[in-house]
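First the structure, in the form of structure tokens, and then the observations on it.
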Amino acid sequence: SAGETKGLFVPKAEDYQKVYNEVAALLQEKDDYDDGSYGPVLVRLAWHASGTYDKETGTGGSNGATMRFAPEGDHGANAGLVAARNFLEPVKAKFPWITYSDLWILSGVCAIQEMQGPTIPYRPGRQDKDIAACTPDGRLPDASKGNKHLRDIFCRMGFNDQEIVALSGAHALGRCHTDRSGFDGPWTFSPTVVTNDYYKLLLDEKWSWKKWNGPKQYEDKSTKSLMMLPTDMALISDKTFKQWVGKYAKDNDLFFKDFAAVITKLFELGVPFDETTQQSPITFKPTA
Ligand code: CCH
């Protein structure tokens with residue numbers, strides 16, 4: 001029949017929408033976490049699954065979900081992401097046909113849309129790999145560094161300056177945790193809503209070094225309740241990056257459009273989609 005090949009269940013767009021709805025319902029239900037949502041940490045899981053990609057060797061990326069295994073799950077950059085992976089276990093149990101690799105990315109898409117962000121087209125087709133495919137430590141960015149490091153890391157994935165700045169707008173979401181990265185605090189006043197506030201705050205606030213025992217980070221002079229990482233500040237100390245920060249601070253529609261395009265690219269790095277099926281991307285219907 002149409003939906004089956006050799007007895008294997010072949011999921012259709014409506015099946016992926018069911019998974020989306022389940023993640024969205026869990027996001028609603030489990031609202032006692034952090035700032036009231038698992039959304040930000042789901043976005044970070046999808047990003048760290050994808051951001052290991054190396055264009056030279058074609059290794060890493062979201063195709064594989066190798067963060068399930070200790071060597072990669074234990075990388076310093078992935079500290080705390082077990083909360084996101086555990087959050088998704090009941091979804092995997094309810095829809096065993098979906099791979100972890102597809103589920104993590106679908107959940108990132110769901111979180112962005114449910115937190116009032118732009119529509120992110122989604123294509124399934126990722127396969128889980130085994131422990132041997134774990135990537136080496138050091139492929140994800142180090143927050144204590146500057147503009148050269150950002151370019152080194154993101155060019156390895158295949159991104160340009162504009163794309164680096166557009167991706168960084170994700171820091172409108174969530175917060176730093178002292179027991180995970182060592183850093184502390186949120187970037188914006190609305191960490192569970194996708195906005196261009198990250199760029200506005202970068203430009204409009206006065207930022208100074210936070211005086212504390214933790215790693216070097218910035219705090220806003222007026223409320224001392226927001227933070228920026230050294231890598232965040234690199235986006236306004238570097239002239240080319242700063243031009244894009246200015247554009248996104250002024251124009252939320254432009255940010256949404258560019259963010260949707262660049263995060264779709266990120267989520268698909270190294271994924272060998274079956275081009276013969278000509279499967280068009282799925283547009284998930286938000287639940288709100
Ligand atoms: Fe990020 N990020 N990120 N980030 N990030 C952290 C948290 C989030 C860097 C470092 C950190 C992106 C880029 C960078 C999110 C999405 C993206 C934390 C705190 C650090 C440190 C972790 C903790 O303590 O829990 C650095 C360096 C870069 C360099 O570019 C990109 C790109 C994205 C997505 C597109 C999200 C979301 C969070 C919040 C997670 C949470 O648990 O609230």
Side-chain angles (χ1 to χ4, degrees), residues 20 35 37 39-40 42-44 46-48 50-51 53 62 105-123 141 143 146-147 149-151 153-175 186-207 218 220 226-269 280-286 288:
Y20 177 104
D35 300 293
S37 174
L42 289 185
V43 174
R44 192 164 200 243
W47 139 237
H48 278 204
S50 310
Y53 184 64
S62 66
I105 299 304
L106 187 156
S107 302
V109 167
C110 175
I112 290 166
Q113 293 193 178
E114 294 298 306
M115 293 188 288
Q116 299 168 50
T119 303
I120 313 293
Y122 173 79
R123 289 199 290 171
N147 54 0
H149 174 72
L150 282 180
R151 287 197 175 94
I153 292 283
F154 284 94
C155 292
R156 190 208 66 229
M157 296 176 223
F159 293 112
N160 63 28
D161 285 358
Q162 172 263 322
E163 291 173 315
I164 293 172
V165 178
L167 276 173
S168 303
H171 281 172
L173 299 170
R175 59 168 55 246
W187 291 264
T188 67
F189 294 110
S190 53
T192 62
V193 186
V194 183
T195 64
N196 65 341
D197 287 357
Y198 169 79
Y199 306 106
K200 292 190 194 168
L201 289 160
L202 263 176
L203 294 176
D204 295 349
E205 288 298 323
K206 293 244 181 307
W207 298 95
Y218 293 82
D220 68 303
L226 301 179
M227 69 94 58
M228 289 289 167
L229 300 164
T231 42
D232 296 311
M233 294 303 281
L235 301 187
I236 54 169
S237 59
D238 181 284
K239 275 194 187 136
T240 316
F241 285 149
K242 192 179 181 183
Q243 287 178 343
W244 288 104
V245 172
K247 285 187 212 267
Y248 295 137
K250 266 200 232 103
D251 188 343
N252 192 60
D253 291 343
L254 178 71
F255 167 56
F256 267 35
K257 179 178 143 289
D258 286 359
F259 182 71
V262 75
I263 202 130
T264 303
K265 176 173 167 180
L266 173 73
F267 288 169
E268 298 194 346
L269 292 174
S280 50
I282 302 168
T283 302
F284 291 121
K285 216 170 118 4

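Every value quoted in this text rests on a predicted model; they were computed, and no experiment measured them.
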List the residues meeting ring pair (Phe, Tyr, Trp, His ring centres under 6.0 Å) with [X], not counting sequence neighbours, and say none if there are none.
| X | value |
| --- | --- |
| Trp207 | none |
| Phe267 | none |
| Phe159 | none |

Do the side chain of [X] and the main chain of [Y] share a donor and acceptor less than 3.5 angstrom apart?
| X | Y | value |
| --- | --- | --- |
| Asn196 | Tyr248 | yes |
| Asp35 | Pro191 | no |
| Tyr199 | Ala166 | yes |
| Ser62 | Ser50 | no |

Starting at [atom1] of [X], measure out to [atom2] of [Y] and round the result to the nearest 0.5 Å.
| X | Y | atom1 | atom2 | value |
| --- | --- | --- | --- | --- |
| Asp161 | Trp244 | CG | CH2 | 9.5 Å |
| Cys155 | Glu163 | SG | CD | 9.5 Å |
| Met115 | Ser190 | CE | OG | 11.0 Å |
| His149 | Phe154 | NE2 | CZ | 8.5 Å |
| Leu235 | Ser168 | CG | OG | 4.5 Å |

Heavy-atom distance under 4.5 Å between the side chains of Ile112 and Pro118, does that happen here?
yes
Can you confirm whether Met157 sits close enough to Leu266 that some side-chain heavy atom of one is under 4.5 Å from a side-chain heavy atom of the other?
yes
Identify, with sequence neighbours excluded, every residue that meets salt bridge (Lys or Arg N to Asp or Glu O under 4.0 Å) alongside [X].
| X | result |
| --- | --- |
| Asp258 | none |
| Arg123 | Glu268 |
| Asp232 | none |
| Lys257 | none |

Apply the test side-chain contact (heavy atoms from CB on, under 4.5 Å) to residues Leu226 and Trp187: give CA-CA distance (whole Å), side-chain angles for both, the deciding distance (0.1 Å), then the verdict.
CA-CA 5 Å; Leu226 301 179; Trp187 291 264; over 6 Å; no
Can you sort out the partners of [X] under side chain to side chain contact (heavy atoms under 4.5 Å, CB included), two or more places apart, ordered by chain and number?
| X | answer |
| --- | --- |
| Thr119 | Gln113, Thr283 |
| Gln243 | none |
| Gln116 | Val193 |
| Asp204 | Lys200 |

Which pairs, with at least one residue in residues 238-254 and sequence neighbours excluded, count as a salt bridge (Lys or Arg N to Asp or Glu O under 4.0 Å)?
Arg151-Asp238
Show the numbers, then the answer: is there a side-chain contact (heavy atoms from CB on, under 4.5 Å) between Val245 and Tyr198?
CA-CA 9 Å; Val245 172; Tyr198 169 79; over 6 Å; no
Applying side-chain contact (heavy atoms from CB on, under 4.5 Å), run through Leu42 and Cys110 and close with a yes or a no.
CA-CA 9 Å; Leu42 289 185; Cys110 175; over 6 Å; no
